[in-house]
Structure formats: C-alpha cells, structure tokens
K.L.:
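So that we are looking at the same thing, I have put the structure below in structure tokens.
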Amino acid sequence: MPTGYVFHPHYLWHDTGTSDGLLPPDPSAGIPPGTHVGNADTTRRIHDLIHASGLLRDLVAIEPREATMTELLRVHTSDHVQHIKQQSDQPRGGDAGDGYSPVGRGSYRIARLAAGGLTELVTRVAEGEVTNGYALTRPPGHHATADHAMGFCLFNTIAVAARHAQTTLGLPRIAIVDVDVHHGNGTQAIFYADPTVLTISLHQANCFPPDSGALRENGAGAGAGYALNVPLPAGTGHAGYLHAMHQVVLPALDRFAPDLILLAAGFDANVFDPLARQMLTADTYRQMTRLLVDAAGRLCHGRLVAAHEGGYNPWYVPHCALAFLEELAGTTTHLPDLYAAVVAGYAAEPLLPHQRTPIEVAAQLIDRIKPAT
Ligand code: 9RB
Ligand code: ZN
C-alpha cells in the first residue's frame with residue numbers, strides 16, 4: 001500500500017519575517033535585519049527534491065484542510081488559539097509570545113492547515129487508503145504547549161492529530177517519537193500525565209528549550225513512565241542515534257504496542273545544521289526510518305505518520321528528508337548520494353562512553369511502561 005504526502009503552497013507562505021537568524025533585529029545592539037533561520041527556502045527545496053527525484057510519482061498526494069476548532073481545542077486553550085489569531089490578523093503579523101516564534105500575517109490559518117493536514121493524513125491511514133505518510137507542514141509544532149507558543153511553533157500539530165486518532169479514529173494507544181534535535185517539550189507536556197500516549201524524544205542535551213528534556217522527566221501521575229527522554233551530548237552522531245534506537249526507542253515501542261506511531265521528523269540533527277551540534281547523515285535518517293517502518297509493521301499495521309519539524313541547512317536537509325521518505329515509501333529514487341563521501345568521516349565516528357550513558361539510563365526506564373496485554 002502506498003505512502004501519503006501532504007503539502008500545500010501555503011506552508012511556504014508562513015512568513016517568519018525579518019530576523020538575524022534567530023534574533024529580532026536590533027541595530028542598536030548590533031543585530032542587523034536578515035532572514036529568519038526558519039524561512040521557506042529549506043521547505044521549498046525539500047518539496048522540489050521530492051518532485052525532481054521522481055519520488056512524488058510514487059506517493060499519494062493528500063490535500064490538507066484546516067483543523068477544526070473542535071480538533072484544536074482538544075489540545076489548546078481557547079485563549080491560546082485566539083492569541084495566535086489576533087497576532088496573525090495584524091497588518092504585519094507579530095510574535096506568538098516568546099519573542100522567537102514569528103507569526104506572519106495569515107499564519108493562524110496556515111498553522112491550522114498544518115494541524116489539519118496531519119490530522120487528515122492520520123485519518124487516511126486509519127481508513128487504510130495509505131499505509132503511512134509524511135506531512136511537510138509549516139509552521140512546526142513540537143514546542144507548542146496547550147497554552148503557549150514557543151521556538152517557532154504555534155499549534156502542536158502532532159498532538160492535535162494524536163487526539164483525533166484517539167477520539168475519532170479508534171486508535172487508542174499512540175506513540176510519538178521525536179527525532180528533532182531539540183526537545184519535544186510541548187508534546188511531552190501535553191501528554192505528561194497520560195498513559196495512553198507514549199512520548200519519546202531523542203535530542204541534544206542542554207540545547208533548546210533551556211533546562212528541558214532531562215532523563216528525570218519521565219511522566220507524572222497516571223502517565224508516570226510514559227514520557228521518555230534521551231538527552232544526547234553535543235557531538236553525537238550516527239552510532240549514538242542508532243544505539244538509542246536499538247536500546248530505547250524500539251524496545252519501548254515493542255513494550256507499549258501502539259496502534260499508531262507518530263514521528264516528529266526534525267532533520268536538524270544533521271551534521272551541517274546551524275541550530276545544533278549533532279552529526280547525523282542522510283544515511284542515519286534512512287536507517288532510523290527503516291527501523292521505525294519495521295516496528296510499525298510488526299506493531300500497528302505499518303501505521304507510521306510523520307510531521308516535519310526542524311532542519312535548517314538548506315542544501316543538506318532535503319537529502320536527509322529524501323532518504324527518510326524513500327524508506328517510508330519502501331522505494332528508491334536511484335539518485336547517487338553525492339554527499340556520502342563528504343560526511344564519511346563524521347559517519348564513522350564511534351560511540352563514546354559519555355554518549356552511551358544517557359542511552360543506558362533511558363533504557364532502564366522502559367520497565368516503567370506497562371506491557372500491553
Ligand atoms: C534565544 C533563544 C531558539 C533556539 C532554538 C530554536 C529551535 C527550534 C527548533 C528556537 C528558538 C533563547 C534566541 C533561549 O528547531 N525546534 O525544533 N531561541 N533561543 N534565548 N535567546 C535570546
Ligand atoms: Zn528543532
């Protein structure tokens with residue numbers, strides 16, 4: 001069965017405005033105007049490569065729709081939704097709250113199109129029209145909490161889709177795997193006390209948000225044990241991420257036995273990313289995806305649905321995303337990986353003891369997940 005692909009030109013019209021990379025311009029502080037690191041260029045280049053490689057022909061295009069208010073309010077407070085709308089209605093947009101989450105004019109509806117696009121994709125997967133899928137949505141979502149925007153994220157796209165799957169599609173147990181290099185704090189917070197949603201975040205330790213994603217953040221109340229974090233030290237690469245997959249992610253998924261796996265597909269752990277210091281290559285993403293596709297096949301009829309999150313190197317991220325999507329679709333474009341030689345040295349870096357430690361500690365926490373009967 002085929003792989004679904006969600007894209008819409010409006011995802012490229014989410015206007016992150018004028019910034020000096022991350023910072024709002026402030027000439028008196030020596031911060032000149034420039035482009036925001038989360039601009040549309042990388043997203044457009046991903047879509048272009050999916051098209052130009054021929055892979056698009058193998059995918060089932062799924063037209064996104066805006067998330068309904070009912071869908072949004074399963075996750076977000078009405079105050080939060082109204083706040084984003086009000087910022088978005090201003091002639092030149094605004095900021096969603098933390099000073100680093102630009103809201104372009106009209107971005108409210110684009111964020112709803114992101115949440116609704118993933119929700120539609122999950123629906124088509126549940127209905128059996130496609131086995132799995134990828135939504136190349138903008139803006140991203142994994143930092144957004146019930147009542148706060150953060151770190152470029154307005155609405156928590158994955159959380160909205162997860163709640164929809166549970167309440168409407170008859171998929172009660174959801175696992176969310178977040179491989180974005182930053183901690184999936186918003187998703188974790190939304191489901192922190194909920195044992196029906198297992199969140200697993202692999203991220204660079206002490207990166208973003210500050211003081212977030214430690215091993216001790218392991219869920220609370222009824223959800224104790226159902227939030228897993230693998231904070232990997234800066235400099236972790238291919239060996240570390242695959243070890244984390246084998247020691248933590250796959251055993252946790254097997255024990256939890258989800259009905260659906262959602263993937264926060266950030267590509268900002270790539271070796272050339274400006275917003276972190278990890279060393280993944282396109283082939284790492286390929287291998288991690290293969291493992292997740294296999295897990296979804298054995299656990300939940302192949303139901304693996306990904307939403308795009310971060311990834312900021314405009315020339316390498318598209319190749320990481322293509323490798324990921326080829327594996328998801330179980331096909332190959334036969335394009336040579338011309339970057340493989342460039343990254344060979346990084347890819348060969350061995351797993352170091354200080355990288356192994358957090359993986360081993362996280363692996364011990366899996367026992368807290370009640371095995372599915
Ligand atoms: C600034 C701060 C950031 C840093 C990283 C991201 C990454 C988002 C992403 C977003 C905002 C802090 C500029 C803290 O890719 N998520 O997946 N902002 N960081 N203080 N200041 C002044
Ligand atoms: Zn990120």
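Just so you know, ligand 1 is whichever comes first in the structure, and atom 1 is the first atom listed for that ligand. Keep in mind it's a predicted model, so treat the numbers as computed, not measured. For the numbers below, each heavy atom of this structure counts, side chains included, while hydrogens, waters and symmetry mates do not.
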K.L.:
May I ask which of His142, His182, His203, Met150 has a heavy atom nearer to atom 7 (C) of ligand 1 than the others do?
P.N.:
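Nearest option to atom 7 (C) of ligand 1, by heavy atoms: His182.
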K.L.:
Check for me, please, whether Val343 and Met288 land in the same ILVMFWY cluster - side-chain distances under 4.5 Å, paths through other members count.
P.N.:
no
K.L.:
Of the protein's non-hydrogen atoms, which lies at the shortest distance from atom 3 (C) of ligand 1, and what is that distance?
P.N.:
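Minimum-distance protein heavy atom for atom 3 (C) of ligand 1 reads Phe208 CE1, 3.4 Å.
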K.L.:
Among the N/O/S atoms of His182, select the one at the shortest distance from the Zn ion (ligand 2) and name it.
P.N.:
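Nearest to the Zn ion (ligand 2) within His182's N, O and S set: ND1.
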K.L.:
Report yes or no: does Glu309 have a heavy atom closer than 4.0 Å to ligand 1?
P.N.:
no
K.L.:
Answer yes when Glu71 and Arg163 have at least one side-chain N-carboxylate O distance shorter than 4.0 Å, and no when they do not.
P.N.:
no
K.L.:
At what distance is the nearest protein heavy atom to atom 16 (N) of ligand 1, and which residue and atom is it?
P.N.:
His143 NE2, 2.7 Å
K.L.:
Heavy atoms only, cut-off 4.0 Å: how does Val181 contact ligand 1, side chain, backbone, both, or neither?
P.N.:
neither
K.L.:
Looking at atom 13 (C) of ligand 1, what's its closest protein heavy atom, distance included?
P.N.:
Tyr100 CE2, 3.3 Å
K.L.:
Looking only at N, O or S atoms in Asp180, which is nearest to the Zn ion (ligand 2)?
P.N.:
OD1
K.L.:
Kindly say whether the aromatic ring centers of Phe155 and His76 come within a distance under 6.0 Å.
P.N.:
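When the ring centroids of Phe155 and His76 are compared, they turn out to be within the sub-6.0 Å range.
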K.L.:
Measuring from the Zn ion (ligand 2), name the closest N, O or S atom belonging to Asp268.
P.N.:
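The closest N, O or S atom of Asp268 to the Zn ion (ligand 2) is OD2.
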K.L.:
Compute whether any side-chain donor of one residue and acceptor of the other, for His182 and Asp268, lie under 3.5 angstrom apart.
P.N.:
yes
K.L.:
Any side-chain donor paired with an acceptor under 3.5 Å for His183 and Ser212?
P.N.:
yes
K.L.:
Number the atoms of ligand 1 from 1 as they appear, then name those within less than 4.0 Å of a heavy atom of Asp180, with their elements.
P.N.:
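In order of number, 16 (N), 17 (O).
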K.L.:
Atoms of ligand 1 less than 4.0 Å from Asp268 heavy atoms?
P.N.:
15 (O), 17 (O)
K.L.:
Is there a donor-acceptor contact under 3.5 Å linking the side chains of Gln188 and Asn229?
P.N.:
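Yes, a side-chain donor-acceptor pair sits under 3.5 Å.
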K.L.:
Could you tell me which atoms of ligand 1, counted from 1 in the order shown, lie closer than 4.0 angstrom to a heavy atom of Leu23?
P.N.:
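This gives 13 (C), 22 (C) as the contact atoms.
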K.L.:
For atom 15 (O) of ligand 1, find the nearest protein heavy atom and state the residue, atom name and distance (0.1 Å precision).
P.N.:
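Looking at atom 15 (O) of ligand 1, the protein heavy atom closest to it is Tyr312 OH, 2.5 Å.
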K.L.:
Are the aromatic rings of Tyr346 and His238 close, with centres under 6.0 Å apart?
P.N.:
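That pair fails the under 6.0 Å test.
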K.L.:
Has Arg173 got its NZ or CZ under 6.0 Å from the middle of the six-membered ring of Phe256, at an angle within 45 degrees of the ring axis?
P.N.:
yes
K.L.:
Could you grab the distance from atom NE2 of His47 to atom CG of Leu49, nearest 0.5 Å is fine?
P.N.:
11.0 Å
K.L.:
Counting non-hydrogen protein atoms only, what is the nearest one to atom 14 (C) of ligand 1? Give residue, atom name and distance.
P.N.:
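So the nearest neighbour among protein heavy atoms is Pro210 CG, 3.9 Å.
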